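Contents: one structure, followed by commentary.
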Amino acid sequence: MKKIEAIIRKSKFDEVKEALHLIEVNFFSYWDVTGVGNEKQGHVYRGVSYSTSDIQRRYLSIVVSDHFLDRTIDVLLKTASTGIVGDGKIFVSDVEETYRIRTKEKGSDALK
Amino acid sequence: MKKIEAIIRKSKFDEVKEALHLIEVNFFSYWDVTGVGNEKQGHVYRGVSYSTSDIQRRYLSIVVSDHFLDRTIDVLLKTASTGIVGDGKIFVSDVEETYRIRTKEKGSDALK
Amino acid sequence: MKKIEAIIRKSKFDEVKEALHLIEVNFFSYWDVTGVGNEKQGHVYRGVSYSTSDIQRRYLSIVVSDHFLDRTIDVLLKTASTGIVGDGKIFVSDVEETYRIRTKEKGSDALK
Amino acid sequence: MDTNAVLDIMWIIISGILVFFMQAGFTLVEVGFTRSKNAGNIIMKNLMDLCIGSLGFWAIGYTVMYGDEIGGFIGTPSLFFSDMENMHNLFFQTVFAATAATIVSGAIAERTKFTTYLIFSLIMTVVIYPISGNWVWQGEGWLTNLGFIDFAGSTVVHSVGGWSALIAAFLVGPRLGKYTNGKSNAIQGHNIVLGAIGVFVLWFGWFGFNGGSQLAISGDNVNAVSGILITTNLAAAAAAIAAMFVSWGLYGKPDVSMTLNGALAGLVAITAGCAAVSPVGAAIIGLVAGIVIVFSIEFIDKKLKIDDPVGAVSVHGVCGALGTLLVGVFALDGGLLYGGGFGLLGVQATGVLAIGAWAIATSFIVLYTLKKTIGLRVSKEEEVDGLDIHEHKSNVYND
Amino acid sequence: MDTNAVLDIMWIIISGILVFFMQAGFTLVEVGFTRSKNAGNIIMKNLMDLCIGSLGFWAIGYTVMYGDEIGGFIGTPSLFFSDMENMHNLFFQTVFAATAATIVSGAIAERTKFTTYLIFSLIMTVVIYPISGNWVWQGEGWLTNLGFIDFAGSTVVHSVGGWSALIAAFLVGPRLGKYTNGKSNAIQGHNIVLGAIGVFVLWFGWFGFNGGSQLAISGDNVNAVSGILITTNLAAAAAAIAAMFVSWGLYGKPDVSMTLNGALAGLVAITAGCAAVSPVGAAIIGLVAGIVIVFSIEFIDKKLKIDDPVGAVSVHGVCGALGTLLVGVFALDGGLLYGGGFGLLGVQATGVLAIGAWAIATSFIVLYTLKKTIGLRVSKEEEVDGLDIHEHKSNVYND
Amino acid sequence: MDTNAVLDIMWIIISGILVFFMQAGFTLVEVGFTRSKNAGNIIMKNLMDLCIGSLGFWAIGYTVMYGDEIGGFIGTPSLFFSDMENMHNLFFQTVFAATAATIVSGAIAERTKFTTYLIFSLIMTVVIYPISGNWVWQGEGWLTNLGFIDFAGSTVVHSVGGWSALIAAFLVGPRLGKYTNGKSNAIQGHNIVLGAIGVFVLWFGWFGFNGGSQLAISGDNVNAVSGILITTNLAAAAAAIAAMFVSWGLYGKPDVSMTLNGALAGLVAITAGCAAVSPVGAAIIGLVAGIVIVFSIEFIDKKLKIDDPVGAVSVHGVCGALGTLLVGVFALDGGLLYGGGFGLLGVQATGVLAIGAWAIATSFIVLYTLKKTIGLRVSKEEEVDGLDIHEHKSNVYND
Ligand SMILES: Nc1ncnc2c1ncn2[C@@H]1O[C@H](COP(=O)(O)OP(=O)(O)O)[C@@H](O)[C@H]1O
Ligand SMILES: Nc1ncnc2c1ncn2[C@@H]1O[C@H](COP(=O)(O)OP(=O)(O)O)[C@@H](O)[C@H]1O
Ligand SMILES: Nc1ncnc2c1ncn2[C@@H]1O[C@H](COP(=O)(O)OP(=O)(O)O)[C@@H](O)[C@H]1O
């Protein structure tokens, strides 16, 4: 099992969600984070113009069975992208075990 | 050291916290996320009835020493469960190193 | 590639960010979490005085190339610390793969 | 109509409009002092007690209160009040009735069934409130005849609401998690800024509540009204300061929500005597109310273990009674301190007790009946998840 | 000046101040019923239509509306109104004009270009609104001559705003994601508490809107005004209750935002007839409006597929027209139910249609021209990211 | 009492009630324009300056201001004002005094000790404000004798508050992180929606502030009052528009918080001359204020490096002075543009300078003493963590 963490533009979220749905990745969690990176956003507040790299992003945490990994990455790379600086990152790491709380199922079964 | 990530119902949080406390897991971090999964929730807004699988959840991140792992999982599986679709998931992964910022302690010591 | 997760005092964030910047760690994501740990905070609400270990913290998630790991940890340990209970923790874990969504770059390249 | 009559009526309706706005204040305080998952439900309760109260009081409540007196106890009811020369009175009294009704919603917030609340709210505005109101304000009620002074309704409006709130909070029981192992836990309000703005709105509306209760402004009435605004303002100010310092002493820091409750406590307490006491008397009444409110909230919460998320029982019930009694002490005409002896104080106590007993008894009967029939309380699951998602299928806060 | 004149003017300005405050109510409702990423833009639109309206109506709009009548169709315009004996009228009418203008902003929220809105808002307050207003309120307009009754502006103010909102929402198109595969999706408002407080603020201000439209309070006018406050309050209450029960029936639960819209629907509907109907009539008008609003919102959203985030078209357009027509049914003097036959009803229908046609036609011309020139709509990217960060380079919610 | 006197007093108290409500507006603006971790503290400061001001002004401040004149400089103080025929004046002046006091809290928000603020607030309402107020409004003060015109208090109330705010913000120093390496950083307010609603509330209350300052409404006063409402409204509108366009020009986009400050700048600026200038004059004064406010905020922030989170110094101090001076230019009677020569302008400048010097000097003495004794500023740790958790042991926003 792998954990895919994707940090994407908030504005791309609906598209990404739709696309994940189509490849039957219907399980994940997400929340809003502030991202620091290459992109800069111009702000003005009470006469102070400034450019900040602290930008609102959406953080998706998706745990998938190994054979789902590639297609999920593909979909994310495709739908979350605009080609402009600030599209975000995807991180993949290993998950040792998964449980479904309701049924106590373990492993890949818990991800179905 | 293992990292346990548990995505549970917000309404179960108080019970879970209490139970973790009893087995002396007094260290963790949590935040609110939106979860997408099997559970559906009926909503109405201005005449539009719809059913959404975007449901408020609480995300717990608990790093424990290896010998704490099993009992923590047990407690989570027991107390976070209602038996109804939507109880959530638990993911376990490996943590290579832990530091306590205050004391610079490393490894299991940092988790005491 | 390693993922560094640091849970720090919100009040230390600006300093930490500055310091990371100086060692050229200019990429990370952060969000606010509630932390449960050793520190206790006194509260009063409508006549009920109580002490809670649920304290607002900031969660930093930083993925770095291996050779950046040590210096990042060093900086975090140094700048996030006050020496008083509640300074927080740092967790290090392995990341198998990284993608930059915009360019589809993989691995360390995606982290530059 | 002659100019003085026009002036008087004009003042009454302007005051009524200000009192109307207190509904926004109550909503803000109650929403702010409770959790976000129940905010939509609280909004609905506050809006509906206003709506049901407006229709019910017009349909019958007003005449129950002000109709031709029957035995000093009740007015002669008639349906759908339509005397076009008394619409200003209907308006002014309607917003008062709505105030009495809305007090209850705060005390039972976050756990009470919506339908049950709607029914209780109707009974409150057409039976409970108008009958005791009749005793004092109709002009020929038995308490009026005794010489009971409750100028703008510390007892008639606020205590009635407050005691009903006490019974309701008692019968519905505490929120889950409020008491564990016999200890009272803090369940923090989710947005104290809303609560604070609510207090400002209430204070603003209270100038209409007390000032308008003069029911006239022509001639020397205008000086009386001006005096009322000052006593009202001083009492609120003194009470907020007192509550702040008491909380500071008790808990080591000036407590925000207690101080806000302090201001309201002062406003409730001065309501009975705003026209009868001097500015100094008003400041002292406020001071006493500001001290009492802190201990009252603690007592009800920790000793009685009755869960009142917004402090409605203490603010409206306790400080309403207190303020009414203190008229017997500070009234320039007849007060204990001004050589009037214990006579007035005794009358005030009689009124406080009689109306308290009435509100408690009738609320108990109504709510106990509701409890045994349709039930007072939502299910555990609904309460834990929040009333909004279950009772209204939506959340108030999104994205 | 004699006392009666003073009283009348005093009442007008006090009412005007209350109506002014409705701007805060509109802002609260519109901000609360939309998403947080556009809140700053909505604030700016609401603030600017007030500011531009205040200047524009003074600069020319007022005389277009109230200047010496030209052919029953328009007043004689003159620049920078400065008759110091009529400043109370200018004030009262300015806040009405600002109300008509601000209605549109809600319907086109979250996707409309800021500059375009500023231009439209100016044209609304100096041309569209004053001309049809002239027909009814100048005293010699052609609709006045027909006997059309629109006491405080269900049609003159609200429908004009509502129909313009319809055209605007139609021309600007739905928000991205509102309709997918022909299905209407819910785009939830981000803070319904703000929306609820906005409704209380509007209701509060409406007492000035309707009560002040008597334009006098001396003598028996004070009774008329008191009656207006009662009809206004009853209609709002009945409508909120009706909308709640209808939504309860349709969706299984009492819907918060529909109930809030219900209260506004009742207020809009009674605005035309608040001085012409009995309290019972008012309650019935409210009831009808409360039922109609739910179906109207559904119809516009699901059948017409016009995206109106706050329900402005239904509340102001539909219920404004409805309320105006119902005057022909419930008017004590001339209404169908009171033996007046179909005469008044016909006149009311004429007015509703004529003014509706005017508002629709002129809005269409103006907005269509704007669409083809500078454009109505922000770019897709701006809309997705939120107007605040693109149109104002800042977010309203931070830390 | 005769009808005209009743009318006048009635108008004063209604206006006073409106002015009272400005306290809610100030609280909203200050809370919204600062960070969430300090919101409870700001609420407490705003509530307490009202409470302390109400008691202090009654206890002694009022007579310091309005007591029998001593040498054109101060009134004869007496304790606990109790003239029951002048309660309307006490009420109206109390809410003005509270306004002057509350201005300071915004400028020193997020870093000032609570106890220190309480003490300063008391001194402000019983010494600093009443004495300079005496010079202009007592009737025999030295500035009155010179012919100084400050109708509703651009200088007497707002500049006094604004200059004290300047000294306070200077002495307490900037918030941590506000200036780094000599550069001014933006510290964004946490909820600009609250700020915007606050501006609407203030604007609403300002009609009482300026309109009530006529202190009469009988006879032709009612036309004067109506004119005041118009000048007030036009100036605010023009200023908001001007500030918006200036910010648009400077930063590329219309800035929300600057536009909001613009509206307030116009209101402050017209306060001195609202009864003395024509509508056109008012619009121009607003326009100038709307332009000046933007540059003033930038200047104080970037050049003087004085950290004023809400812009209180610019809004109240600078625009208060500006508006007072512009009376010398635009006053229909005596203004430079109306052939009055430089006489009035000179008098206005004298008043602005004298009162500015007074406010600056006394504030400096008081605050410097406080700084050297109990201290002005919270500890670094408290500031970083937020004042709420340290000064009040609780957070305003939960769950
Ligand atoms: N090493 C990292 N660790 C955690 N989050 C990261 C990291 N690098 C980038 N991010 C997240 O990805 C977002 C987009 O990255 P950015 O550098 O702005 O654009 P791009 O990837 O197109 O160069 C950042 O705002 C941040 O939230
Ligand atoms: N693969 C996953 N990755 C991340 N989060 C998940 C995953 N699967 C489930 N979750 C989280 O768990 C929650 C509950 O899952 P759900 O499928 O609704 O119920 P159940 O586990 O009882 O079948 C989801 O709302 C989501 O937050
Ligand atoms: N094992 C853990 N898993 C996840 N988060 C933790 C863990 N231990 C500590 N934390 C986080 O670190 C914060 C600080 O820890 P605390 O025990 O209060 O102080 P200290 O590390 O100085 O002893 C906690 O509030 C919590 O957010």
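Quick caveat: nothing in here was measured; it's all calculated off a predicted structure.
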Check against salt bridge (charged side-chain N to carboxylate O under 4.0 Å, His left out), E383(E) and R111(E): CA-CA 6 Å; E383(E) 185 175 344; R111(E) 58 204 193 274; 6.0 Å; no
Measure [X] against the heavy atoms of chain F and call it side chain, backbone, both or neither at under 4.5 Å.
X: L90(E); answer: both
X: E391(E); answer: backbone
X: I197(E); answer: neither
X: I42(E); answer: neither
X: M84(E); answer: both
X: F92(E); answer: neither
X: A24(E); answer: both
X: I14(E); answer: side chain

Is the shortest side-chain heavy-atom distance between [X] and [Y] below 4.5 Å?
X: M44(E); Y: N41(E); result: no
X: L387(E); Y: K45(E); result: yes
X: T76(E); Y: T63(E); result: no
X: T94(E); Y: F20(E); result: no

Options [options], ranked by heavy-atom pairs under 4.5 Å with chain F, top entry:
options: L28(E), V201(E), I43(E), I17(E); answer: I17(E)
options: V31(E), T27(E), D388(E); answer: T27(E)
options: H390(E), E85(E), M48(E); answer: M48(E)

Counting heavy-atom pairs closer than 4.5 Å to chain E, which one of [options] comes out on top?
options: T3(F), N4(F), N223(F); result: N223(F)
options: I228(F), L7(F), V225(F), N221(F); result: L7(F)
options: M10(F), R35(F), K37(F), K253(F); result: K253(F)
options: I241(F), D220(F), L260(F); result: I241(F)

Donor on one side chain, acceptor on other, [X] and [Y], under 3.5 Å:
X: D255(F); Y: S257(F); result: yes
X: S218(F); Y: W11(F); result: no
X: E30(E); Y: N46(E); result: yes
X: N395(E); Y: N398(E); result: no

W248(F) and F114(E) aromatic ring geometry - parallel, tilted or perpendicular at 30°/60° bounds: tilted
From CA spacing to verdict: side-chain hydrogen bond (donor to acceptor under 3.5 Å, both in side chains), N86(E), Y62(E): CA-CA 11 Å; N86(E) 274 300; Y62(E) 181 76; 5.0 Å; no
Region of L18(F) in contact with chain E, defined by heavy-atom distances below 4.5 Å: side chain
Closest contact, heavy atoms only, A152(F) versus F209(F):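 Looking at all heavy atoms of both residues, the closest pair is O-CE2, 3.0 Å.
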Side chain to side chain contact (heavy atoms under 4.5 Å, CB included) between V268(F) and W206(F), intermediate numbers included: CA-CA 9 Å; V268(F) 169; W206(F) 226 290; 3.6 Å; yes
Aromatic ring proximity, centroids under 6.0 angstrom, H190(E) and Y397(E):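 Yes: the rings meet the under 6.0 Å criterion.
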Contacts of residues 276-287 of chain F with chain E (heavy atom under 4.5 Å):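 Result: P279(F), V280(F), A283(F).
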